[in-house]
Chemist: 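Below you'll find the structure I mean.
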Amino acid sequence: MPKIKTKKSATKKFKMSATGKAMRTQAGKRHLNGYKSRGRKRALRGSTSVYEGNQKMVARMLQA
């Protein structure tokens, strides 16, 4: 059997937490940040977990 390849686009967008959940960065901080408030941008820092319905799909893409 050949090895299963990881989706390279998924490795750049997601990572697995220590508990096994897929984590993602928050949306809304890539561009057009000049008019957004400092607090709004600060609140978008860090990462959050992927929606529960997509956890299995993301884990399969990352081969976790």
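Everything quoted here is computed from the prediction, not taken from an experiment. No hydrogens, no waters, no symmetry mates; every other heavy atom, side chains included, goes into these values.
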Chemist: When rounded to the nearest 0.5 angstrom, what distance separates OG1 in Thr25 from NZ in Lys12?
Modeler: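 Rounded to the nearest 0.5 Å, the OG1-NZ separation comes out at 14.0 Å.
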Chemist: Nearest 0.5 angstrom please: Lys13 NZ to Leu62 CG, how far?
Modeler: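 Rounded to the nearest 0.5 Å, the NZ-CG separation comes out at 12.0 Å.
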Chemist: To the nearest 0.5 Å, how far apart are CG in Leu44 and CD in Gln26?
Modeler: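 Going from the CG atom of Leu44 to the CD atom of Gln26 covers 5.5 Å.
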Chemist: Do other residues, nucleotides or ligands put more than 12 heavy atoms under 6.0 Å from Lys21 NZ?
Modeler: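 12 or below, so no.
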Chemist: Around atom CG of Leu32, are there more than 12 heavy atoms from other residues, nucleotides or ligands closer than 6.0 Å?
Modeler: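 Counting neighbours around CG of Leu32, more than 12 heavy atoms of other residues, nucleotides or ligands fall under 6.0 Å, so yes.
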Chemist: Determine whether a donor-acceptor pair (N or O, by modelled atom type, separation under 3.5 Å) exists between the side chain of Lys41 and the backbone of Asn33.
Modeler: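 Yes, the answer is positive, given that a donor and an acceptor are paired below the 3.5 Å cut-off.
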Chemist: Are Met16 and Met23 grouped together when hydrophobic residues (ILVMFWY) are joined by side-chain heavy atoms under 4.5 angstrom apart?
Modeler: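 They do not share one cluster, since no chain of ILVMFWY contacts under 4.5 Å joins Met16 to Met23.
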Chemist: Looking at Gly28, is its backbone amide N or carbonyl O close enough to the side chain of Lys36 to form a donor-acceptor pair, meaning the two atoms are under 3.5 Å apart?
Modeler: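 Confirmed, Lys36 side chain pairs with Gly28 backbone.
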Chemist: For the backbone of Val50 and the side chain of Gln55, can you confirm whether one donor and one acceptor N or O come within less than 3.5 Å of each other?
Modeler: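 Flag set: sc Gln55 to bb Val50 pair under 3.5 Å.
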Chemist: Going from CE on Met57 to CZ on Phe14, what distance comes out if it is rounded to the nearest 0.5 angstrom?
Modeler: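 Interatomic distance, Met57 CE to Phe14 CZ, rounded to 0.5 Å: 6.5 Å.
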Chemist: Might you work through the side-chain contact (heavy atoms from CB on, under 4.5 Å) test for Arg45 and Lys29, ending with a clear yes or no?
Modeler: CA-CA 8 Å; Arg45 282 184 199 160; Lys29 208 181 167 195; 3.7 Å; yes
Chemist: For the OG atom of Ser49 and the CZ atom of Arg24, what is their distance to the nearest 0.5 Å?
Modeler: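 Reported value, rounded in 0.5 Å steps: 7.5 Å.
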Chemist: With rounding to the nearest 0.5 Å, note down the distance linking CZ in Arg42 to OG in Ser37.
Modeler: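 The distance works out to 8.5 Å.
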Chemist: Between Lys7 and Gln63, is there a side-chain heavy-atom distance shorter than 4.5 Å?
Modeler: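 The answer is no, as the side chains (C-beta and beyond) never meet within the 4.5 Å cut-off.
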